[in-house]
Amino acid sequence: MQVADFTRDPGSLTLTGIRARSETILRQEIQRANLKGDWVVADTSLGAWRGHQVSREFAAQLALAIPHPQATLALKNNSEQPLELSYADIIGEFIDAEGRGDQTTLIALGHAARIRNRVLNDASKLFVVLLPRYGIPLEKEDILFIRFFSQALRGTPSTLVLVATDETDPQLPIDWQIDWHGSLSTPTANEDGVVSLVPGIIDPELMNTLGANGLSKSEKLAPLANGHWLVPPERRRNPKQIPRLEFDQLGTLAHSCGWLDAYAQFHGNNMYVDPWFLYTEAQQRFAEGGIGITVRLVERAITCAQSGLDVGILQCYAQGLRVATLRFAQAASIGDPQPTLPTDIRGFLWLSKGWGLVILNDLPRAAECFRQAQAAMEPASHDPREYLYLLNISALCQFKSGKIDQALAMESEIKERIARLPDPDWRLAYVNSINLGRLERRRGQLEQAEQHFRDAFDTTLGVRSTNDAIYSNVVMAKLYASSGKDAEAFTCWMRAGLHWAASNAPEALGERTTNFILGEKRPGCTLPEAIAASFTDSILGAADAAGIPVTPIPESLTHGEISSPVFISTEAFRQLAPQARIDCGLLARGISTFATRNENAPQILGENSNRLRAVLYALLNVLAPPDWFAGTRTIVIDDSHGREIPSTPEELLAACIRLDVRRVAIAGKVIELQGEVRTDIECRLRVQTGCAVDSLVVEGEQVIVFFKRYLDPIILSPEESRLLAMIEASPTLTQLIECYREMNSDKPVMQMLRGLEQKRVINID
């Protein structure tokens, strides 16, 4: 992810707005408002039909490449062919998506950072967003991007302006304060023409496609940068009032443009709708982060499906999507599956409906759905994992009904069956272990609960997201507090707070993690500020229980609006300051940090966020030798390549070698990592297969690496493959380098090893 090197304010947002119902009036009002700069325009007048449309259109006009993920969760494109993925894979993909954190927020923030960096040293730009009309909502991802980007542009010569072109002002978030200019009272006349139906900016490729089909390029369009064109606001018509035949014509003209063809089919006549095409495009919108668009396309595909089987398959995907995006009321509201559907489809639909009902606490109806699902799935399921997911959600129903022993028996059965699967399913194992941990915690069996939770969190060891790291530490902190292990609880609360404070995107915690942290306590402030307040209270409470004093930060350390150094992850620090030096490291009470005099911008500025940083810094000063952090501007948090903050001397020293840190304090003892001391540590480091690796498959001279969670398989080069083959005996780093150089003296061995470590293929400890 692109690191955002600008500060966000979680409070209300003040933006400039223009009211104008024609291009001419828009230009006049922009001039009156004294807004300067070359235009870069995003048009959501007719809604968004591509994920993150506003940022995509800005980037395209700036000739800036930004990542656009491709759909990976694909079924065959019609019901006459067998499914490539089982419904267990669909559920598993959604489990991983949740574990990574709020991807919509992460993508929006990354796009804002890239576009800001692109124009930072350019002549001033005027970024114009034409807001939706006709009651169409602004998509969540575009709301997030506008928030981030408006703050990213602070201190730059460029400006962001919102434009309302409808008869009334659009519905915008309640915490947006718009300084409006102009009036919407000027009457305008809509014009016919297929180009007026195109939602968004017209790019050069689409213009060429439309031109090849007879559309003149001089059709009263406004030219934009990099060969793009704006449809003037006065040409926009309400899609609900346009004859469907016109959309059919648009689909014919733009058949080679997938997203536009999908939009045309959405609004066109049913007889021209290809449900499987819409399904494929929906998957692509989901990959792009356009959740609302995905839902619309799938629901349209379902209404136009020609057979009951097609409806069933499409409804399965829709149900998986509803559950994954926490739309439980929608998942619970579908009709009962048709008895003529194949057993696996019927079973999954009963399962997903029951899933929605159990979350809504309609337990009797949920139990009946699960009974029906079990009858359909157990005898004929082509994938035993689907039945295990059914048992899992059925156990939750039992748990919510107060039948703890029955729920525990079901989860124990799942664990036994998982062990008998021919291939490990790490996502299923994760869910099962989490549920076993919760059940044992409820039963007061805290040691068993701890082991189950560790089993769950081990499935992401080596690839943990910030969301995973925070969630695992909060779970363990609460468990330790219940067990009377106050010192361990303090350590976990500190780690969770450090992970959050150093996160590249504190706004992007997953909803389940957020709910677990806040519970029913929802302070009247923005989410990042609520999380920061909760962490501060929990850390101070844990410190008090563990007998650790919290001393205030001396006034001499206060600079600017920040009462402590900034906290940042190793990944972000290396991106933003690749040549900067880390001055020292600290390990005490299982908590480690690194410090540098290099200054960085804080991710979030808010009263609660500032206070949390101050509390963390005060506690680190208590744990460190006197004046250890003198002159420190940034605290760097290292997670050992997706594992955890180093908690032992061995782990910390391995991190020091990797980060080239020459001075460290361990439990109050200062060690200079120079000369023979450093050489001795390097000689003892061992190289092992990465803990995130599931399996290795040898094909000729190359190795294919498969991972447990999150990462796609990768193919190693022949050189990397030969190197990997030499670590089976877990050699020391020195032994491995010497052995490899004897065989391949001209190869940069250490560079290759660190590259494999970065790819999560090996661990060097």
Next item on the list: Begin with the C-alpha distance, continue with both residues' side-chain angles, and end with the deciding distance and a verdict on side-chain hydrogen bond (donor to acceptor under 3.5 Å, both in side chains) for Thr466 and Asn504.
Entry: CA-CA 9 Å; Thr466 299; Asn504 301 332; over 6 Å; no
Check: Within a radius of less than 6.0 Å around CD of Gln171, do more than 12 heavy atoms belonging to other residues, nucleotides or ligands occur?
Finding: no
Check: So, Ser465 side chain and Gly99 main chain: donor-acceptor pair closer than 3.5 Å or not?
Finding: yes
Item checked: Backbone N/O of Ala331 and side chain of Gln319: donor-acceptor pair under 3.5 Å -> yes
Checklist line | side chain to side chain donor-acceptor pair (under 3.5 Å) partner of Glu281, chosen from Gln283, Gln284, Arg285 | finding: Arg285
Next item on the list: State whether the side chain of Gln603 and the backbone N or O of Ser503 hold a donor-acceptor pair below 3.5 Å, judged by distance alone.
Entry: yes
Check: Is any side-chain heavy atom of Glu234 closer than 4.5 Å to a side-chain heavy atom of Ile25?
Finding: no
Check: Counting only N and O atoms by type, is there a donor-acceptor contact under 3.5 Å from the side chain of Arg574 to the main-chain atoms of Ala580?
Finding: yes
Item checked: Contact check, side chains of Gln241 and Tyr134, non-hydrogen atoms, under 4.5 Å -> no
Item checked: Trace of the side-chain contact (heavy atoms from CB on, under 4.5 Å) decision for Val298 with Ile302 -> CA-CA 6 Å; Val298 172; Ile302 291 171; 4.1 Å; yes
Notebook entry, point to check: Shortest non-hydrogen contact from Thr209 to Ala254?
Noted result: CG2-CA, 4.5 Å
Checklist line | From CZ (Arg235) to CG (Leu197), nearest 0.5 Å | finding: 9.5 Å
Next item on the list: Can you see which heavy atom on His52 is nearest to which on Ala108, and at what distance?
Entry: CE1-N, 3.6 Å
Item checked: Residue list, ring-ring contact (aromatic ring centres under 6.0 Å, His included) with Phe149, at least two apart or on another chain -> Phe58, Phe127, Phe145
Next item on the list: Grab the two heavy atoms, one from Leu297 and one from Phe266, that are nearest each other, plus how far apart they are.
Entry: CD2-CD1, 4.4 Å
Notebook entry, point to check: Are Asp122 and Arg118 within salt-bridge range, i.e. N to O under 4.0 Å?
Noted result: yes
Check: Would a distance-only check, ignoring hydrogens and angles, find a side-chain to backbone donor-acceptor pair under 3.5 Å from Glu720 to Ser717?
Finding: yes
Note to self: Which heavy atom of Ile115 sits nearest to which heavy atom of Ser55, and what is that distance?
What the structure shows: CD1-O, 3.7 Å
Notebook entry, point to check: Should Arg147 and Glu507 count as side-chain neighbours, where that means a heavy-atom distance under 4.5 Å?
Noted result: no
Next item on the list: Could you tell me whether the side chain of Arg427 and the main chain of Arg709 form a donor-acceptor pair under 3.5 Å?
Entry: no
Next item on the list: Please check if the side chain of Arg244 supplies one atom and the backbone of His267 the other of a donor-acceptor pair under 3.5 Å.
Entry: yes
Check: To the nearest 0.5 Å, what is the distance between CD1 (Ile242) and CG (Leu245)?
Finding: 12.0 Å
Notebook entry, point to check: Tell me, do Val463 and Asp468 make a side-chain contact under 4.5 Å, heavy atoms counted?
Noted result: no
Item checked: From CA spacing to verdict: side-chain contact (heavy atoms from CB on, under 4.5 Å), Asn117, Asp5 -> CA-CA 9 Å; Asn117 292 341; Asp5 56 344; 3.7 Å; yes
Check: Rounded to the nearest 0.5 Å, what separation is found between the CD1 atom of Ile178 and the CG atom of Asp169?
Finding: 9.0 Å
Note to self: Treating Asp166 as the side-chain partner and Thr168 as the backbone partner, does any N or O pair qualify as donor plus acceptor under 3.5 Å?
What the structure shows: no
Notebook entry, point to check: Should the pair Asp102-Lys140 be classified as a salt bridge under the 4.0 Å nitrogen-to-oxygen rule?
Noted result: yes
Checklist line | Side-chain touch Leu162/Ile146, heavy atoms, less than 4.5 angstrom | finding: yes
Checklist line | For Pro239 against Tyr263, the heavy-atom pair lying closest together | finding: CG-OH, 4.4 Å
Checklist line | Arg56 bridged to Asp203 by N-O distance under 4.0 Å | finding: no
Next item on the list: Given side-chain contact (heavy atoms from CB on, under 4.5 Å), test Tyr272 with Thr252 step by step and report yes or no.
Entry: CA-CA 10 Å; Tyr272 296 115; Thr252 299; over 6 Å; no
Next item on the list: With rounding to the nearest 0.5 Å, note down the distance linking CZ in Arg8 to CD in Gln151.
Entry: 8.0 Å
Item checked: Note, Glu205 side chain near Cys257 side chain (heavy atom, < 4.5 Å) -> no
Checklist line | Side-chain donor/acceptor of Asn238 to backbone N/O of Lys240, under 3.5 Å | finding: yes
Note to self: Can you tell whether the side chains of Glu57 and Arg50 come within less than 4.0 Å, N to carboxylate O?
What the structure shows: yes
Notebook entry, point to check: In Å, rounded to the nearest 0.5 Å, how long is the span from CG of Leu26 to CG of Leu230?
Noted result: 8.0 Å
Next item on the list: Could you tell me which non-hydrogen atom of Pro275 sits nearest to which non-hydrogen atom of Cys304, and how far apart they are?
Entry: CG-O, 3.5 Å
Next item on the list: Under the ring-ring contact (aromatic ring centres under 6.0 Å, His included) rule, collect the residues that match up with Phe6, sequence neighbours excluded.
Entry: none
Margin query: Please check: side-chain N/O of Arg116 versus main-chain N/O of Ala152, any donor-acceptor pairing under 3.5 Å?
Written below: yes
Notebook entry, point to check: Is any side-chain heavy atom of Trp176 closer than 4.5 Å to a side-chain heavy atom of Ile143?
Noted result: yes
Next item on the list: Go through the steps for Val119 and Thr156 under the test side-chain contact (heavy atoms from CB on, under 4.5 Å), then give the verdict.
Entry: CA-CA 8 Å; Val119 301; Thr156 75; 5.7 Å; no
Item checked: Pairs touching residues 291-302 that satisfy side-chain hydrogen bond (donor to acceptor under 3.5 Å, both in side chains), sequence neighbours left out -> Glu139-Arg296, Asn270-Arg300
Margin query: Rounded to the nearest 0.5 Å, what separates atom CG in Asp43 from atom CZ in Arg236?
Written below: 4.5 Å
Next item on the list: With the side chain counted from C-beta on, respond yes when Leu221 and Pro232 share a heavy-atom pair under 4.5 Å apart, and no when they do not.
Entry: yes
